[in-house]
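To find a chain, count down the sequence lines: A is the first, B the second, and so on, and within it residues start at 1.
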2 protein chains.
Amino acid sequence: MDEINKFKKILKLDRINLEIFRSLTKEGKINYSKIGKEHGVSHVSIKNRYENLIKRNIIKPNILVNFSKLDFKLAILLLELETEGYERVKDTYFNCPRIIYSFNIIGEYNHVLVFFAENLDMVETIFNSCMLNNLKGVRKSNILIFGSLSENLFLPLNFNQLDQQNENTPCGVCCKFCKSFIKGQCFGCPASKYYNGPLKIT
Amino acid sequence: MDEINKFKKILKLDRINLEIFRSLTKEGKINYSKIGKEHGVSHVSIKNRYENLIKRNIIKPNILVNFSKLDFKLAILLLELETEGYERVKDTYFNCPRIIYSFNIIGEYNHVLVFFAENLDMVETIFNSCMLNNLKGVRKSNILIFGSLSENLFLPLNFNQLDQQNENTPCGVCCKFCKSFIKGQCFGCPASKYYNGPLKIT
DNA sequence: ATTTTAAGTTACATTTTGTAATAGATACGA
DNA sequence: TCGTATCTATTACAAAATGTAACTTAAAAT
């Protein structure tokens with residue numbers, strides 16, 4: 001019971017909050033007045049609930065992209081890292097626009113990276129040039145490539161990194177000097193000015 | 001070049017669309033007028049761009065939940081399924097409120113499920129009672145448990161399934177008859193009327 | 001017992017949105 | 001090449017939603 005009350009202080013799940021969470025996905029917008037009317041409270045109350053949850057960093061509105069519609073490839077990289085490398089991975093890839101998720105796990109591996117590339121060749125290039133070259137202390141690794149994305153697979157994309165005005169990538173290299181980029185095997189990093197793939201900002 | 005033009009027809013990335021995508025995360029709302037003013041176009045134009053991308057199923061606004069703030073546990077289940085079971089997994093868990101992601105992969109395993117549970121004991125219970133009991137044709141499985149979620153980890157939660165008014169779970173069982181539930185080892189399925197954990201709607 | 005905090009209310013001025021009619025540019029088939 | 005769709009954009013105005021501030025109530029903390 002204590003576990004439950006503690007949880008409720010963080011995220012109270014009642015019909016009103018549920019409706020707040022749902023409305024954005026259902027209608028693409030949050031309409032304070034409408035939700036308020038439906039639940040017999042004022043629009044200001046809805047606004048406060050919503051904004052407080054965001055301010056307290058409990059929820060985050062976001063735009064997810066349907067990766068099934070793009071012709072992108074996704075991959076999961078399972079890593080067993082030595083202690084030193086372990087801390088560094090998150091730092092290195094914290095702002096990488098290709099990394100969708102990065103988390104520590106317990107078990108056969110201790111870190112997971114989920115990333116995307118523009119096509120299958122690029123998966124290989126990214127894996128070799130961006131990752132293995134950059135990472136130290138990898139004891140073991142395993143790559144799982146996503147198969148056909150038949151259903152709609154919506155994932156977050158780091159739009160904040162797509163400005164494409166920086167000389168260096170967020171992970172600290174420069175595409176200009178990368179073999180794969182020079183040979184034309186790689187579109188480059190979508191966060192750098194050298195990028196020339198489908199995510200190029202027009 | 002053709003690859004890039006094909007992509008642009010699906011998702012045109014210019015400064016305006018980028019700003020549309022960013023604004024929701026930055027400000028929690030999409031303000032057509034404001035974005036329009038900033039980019040020298042009318043609010044109607046912004047509205048149309050946004051609504052068309054949603055209607056075409058390219059993007060989906062969503063509320064992500066900060067799992068680092070909740071005391072929930074996350075796990076990745078890697079499965080090697082026989083052809084017959086392969087098709088069934090997606091169907092069975094399509095509406096499961098605990099499943100965050102489900103996708104086909106190529107490699108050592110052919111399917112991945114990412115799910116959450118209220119605590120570590122529940123991970124075990126879900127794995128045994130909900131999954132292994134329900135799945136046929138599993139040749140090999142591997143479970144990876146998430147470690148400490150030090151950073152903020154925002155993931156989507158299926159709020160549409162949290163009504164808690166159904167006798168049966170979306171995967172087709174009834175908690176009332178489940179051993180783990182009867183013994184009090186399990187909060188039950190958050191989609192069913194029997195659920196009594198922290199996600200209980202008040 | 002008093003203060004603080006959290007959650008909600010009303011009222012009104014301001015801002016945003018929806019809608020409809022319309023225009024220009026591009027794509028495309030006959 | 002002509003005409004027809006289609007896509008993207010515009011303006012203008014009525015309708016609706018939002019932001020804000022001052023205030024209320026209840027619960028929690030000191």
Side-chain angles (χ1 to χ4, degrees), chain A residues 1-61 63 65-66 69-70 198 200-202, chain B residues 1-61 63 65-66 69-70 198 200-202:
Chain A
M1 287 304 145
D2 195 41
E3 186 181 343
I4 294 179
N5 283 327
K6 194 178 147 201
F7 182 90
K8 276 187 195 162
K9 291 219 172 175
I10 298 167
L11 177 58
K12 182 178 148 201
L13 277 180
D14 59 10
R15 299 268 155 214
I16 295 180
N17 278 355
L18 214 52
E19 187 54 36
I20 291 173
F21 302 148
R22 280 171 173 166
S23 71
L24 190 74
T25 24
K26 257 193 315 193
E27 329 202 355
K29 301 207 82 187
I30 297 236
N31 184 329
Y32 303 143
S33 301
K34 190 171 172 226
I35 301 172
K37 252 173 231 158
E38 281 165 8
H39 289 84
V41 292
S42 67
H43 75 271
V44 186
S45 171
I46 303 295
K47 174 176 143 77
N48 286 338
R49 276 174 177 245
Y50 180 64
E51 289 182 347
N52 279 336
L53 284 165
I54 293 173
K55 196 163 45 184
R56 288 168 51 223
N57 212 24
I58 309 296
I59 61 166
K60 181 165 83 174
I63 296 284
V65 175
N66 189 350
K69 293 271 182 177
L70 318 182
K200 178 91 185 171
I201 309 298
T202 51
Chain B
M1 286 305 145
D2 195 40
E3 186 180 343
I4 293 180
N5 283 328
K6 194 178 148 202
F7 182 90
K8 276 186 194 162
K9 290 218 173 175
I10 299 167
L11 177 58
K12 181 179 149 202
L13 278 179
D14 60 9
R15 300 269 154 212
I16 295 180
N17 278 355
L18 213 52
E19 187 55 34
I20 290 173
F21 303 148
R22 280 169 173 166
S23 71
L24 190 74
T25 25
K26 259 194 313 192
E27 329 203 353
K29 302 207 81 187
I30 298 237
N31 184 327
Y32 303 143
S33 300
K34 192 172 171 227
I35 301 172
K37 254 173 229 158
E38 282 164 7
H39 289 83
V41 292
S42 68
H43 76 269
V44 185
S45 170
I46 303 295
K47 174 177 144 78
N48 286 339
R49 277 175 178 244
Y50 180 64
E51 289 181 348
N52 279 337
L53 283 165
I54 293 174
K55 195 164 45 186
R56 288 168 51 221
N57 212 23
I58 307 296
I59 62 167
K60 181 166 82 172
I63 295 284
V65 176
N66 189 350
K69 293 271 181 178
L70 317 183
K200 178 91 185 169
I201 308 299
T202 51

query = Over its full length, what angle do the end axes of the helix from dA1(C)-dT30(D) to dA30(C)-dT1(D) make, each axis taken from five pairs and the result rounded to 10 degrees?
reply = 50°
Provide, to the nearest angstrom, the distance between the [atom1] atom belonging to [X] and the [atom2] atom belonging to [N].
X      : N       : atom1 : atom2 : value
I46(A) : dT18(D) : CD1   : C1'   : 14 Å
E51(B) : dC7(D)  : CD    : P     : 15 Å
H39(B) : dA9(D)  : NE2   : C1'   : 16 Å

task = Mind checking K37(B) for me? I need base, sugar-phosphate or nothing, with any heavy atom below 4.0 Å counting as a touch.
result = sugar-phosphate
task = Apply side chain to side chain contact (heavy atoms under 4.5 Å, CB included) to the pair L24(A) and L24(B), showing each step before the final yes or no.
result = CA-CA 10 Å; L24(A) 190 74; L24(B) 190 74; 4.1 Å; yes
key: Residues forming a side-chain contact (heavy atoms from CB on, under 4.5 Å) with N31(B), sequence neighbours excluded   =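 Only S33(B), K34(B) meet the side-chain contact (heavy atoms from CB on, under 4.5 Å) criterion with N31(B).
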Pairing residues for I201(B) by the side-chain contact (heavy atoms from CB on, under 4.5 Å) criterion, not counting sequence neighbours =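 Expected list: L13(A), R15(A), L18(A), L162(B), Q164(B).
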Which residues satisfy the salt bridge (charged side-chain N to carboxylate O under 4.0 Å, His left out) test with [X], sequence neighbours excluded?
X      : answer
K69(A) : none
K12(A) : D14(A)
K26(A) : E19(A)
K60(B) : none

message = If I compare all heavy atoms of Y50(A) with all of G28(B), which pair ends up nearest, and what's the gap?
response = OH-O, 2.6 Å
inquiry  = So, using ring-ring contact (aromatic ring centres under 6.0 Å, His included) as the criterion, who are the partners of Y32(A) when residues are at least two apart?
reply    =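 Checked Y32(A) against ring-ring contact (aromatic ring centres under 6.0 Å, His included); zero matches.
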ask   = Can you give one letter per nucleotide of nucleotides 20-29 of chain D, 5' to 3': B if a protein heavy atom sits under 4.0 Å from the base, S if only from the sugar-phosphate, - if neither?
value = B---------
message = Can you give me the first and the last nucleotide of DNA chain C (5' to 3') that has an atom within less than 4.0 angstrom of a non-hydrogen atom in chain B?
response = dT16(C) to dT19(C)
Side chain to side chain contact (heavy atoms under 4.5 Å, CB included) evaluation trace for R56(A) with L53(A) = CA-CA 5 Å; R56(A) 288 168 51 223; L53(A) 284 165; 3.9 Å; yes
All side chain to side chain donor-acceptor pair (under 3.5 Å) counterparts of R22(B), not counting sequence neighbours =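 By the side chain to side chain donor-acceptor pair (under 3.5 Å) rule, R22(B) matches D163(A).
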request  = Please list, by residue number, the residues of residues 16-34 of chain B whose heavy atoms come closer than 4.0 Å to an atom of DNA chain C; answer none if no residue qualifies.
outcome  =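 Residues of residues 16-34 of chain B that come under 4.0 Å of DNA chain C are, in numerical order, I30(B), N31(B), Y32(B), S33(B).
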task = Walk me through it: do K8(B) and I4(B) pass the test side chain to side chain contact (heavy atoms under 4.5 Å, CB included)?
result = CA-CA 6 Å; K8(B) 276 186 194 162; I4(B) 293 180; 4.0 Å; yes
query = Is the backbone of N57(A) close enough, under 3.5 Å, to the side chain of N66(B) for a donor and an acceptor to pair up by distance?
reply =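 Yes; judged by distance alone, with no hydrogens or angles, the pair exists.
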